[in-house]
Amino acid sequence: MFKLLKKFRKDEKGATAIEYGLIAALVSIAAILAMQALGTSLTNMFTSVSGKLDESAPAAAEPPA
């Protein structure tokens with residue numbers, strides 16, 4: 001019985017798998033947060049560019065009758 005407990009305590013395969021799982025979860029969270037920040041930044045940039053283009057565009061001319 002004691003041999004089995006010693007063998008079980010020395011087996012680190014499960015601990016390694018859990019560590020890799022935690023690392024993958026942290027990387028995923030960081031990637032999601034970075035993409036959300038980038039998405040917000042891009043939305044603001046395109047909104048600004050669109051507004052400036054609307055300001056500088058000449059008014060549409062009425063077609064002749």
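Values below: every heavy atom of this structure, side chains too, minus hydrogens, waters and symmetry copies. One-based numbering along the sequence shown. Because the structure is a prediction, the values reported are computed rather than measured.
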Listed partners of Leu42 passing side chain to side chain contact (heavy atoms under 4.5 Å, CB included), at least two apart: Leu38, Met45, Phe46

Output all residues satisfying side chain to side chain contact (heavy atoms under 4.5 Å, CB included) with Leu33, sequence neighbours left out; order by chain, then residue number. Ile29, Gln36

Quick one: does Ser28's side chain have a donor or acceptor within less than 3.5 Å of a partner on Ala24's backbone? yes

Determine yes or no for a side-chain-to-main-chain donor-acceptor pair under 3.5 angstrom, with Thr43 supplying the side chain and Gly39 the backbone. yes

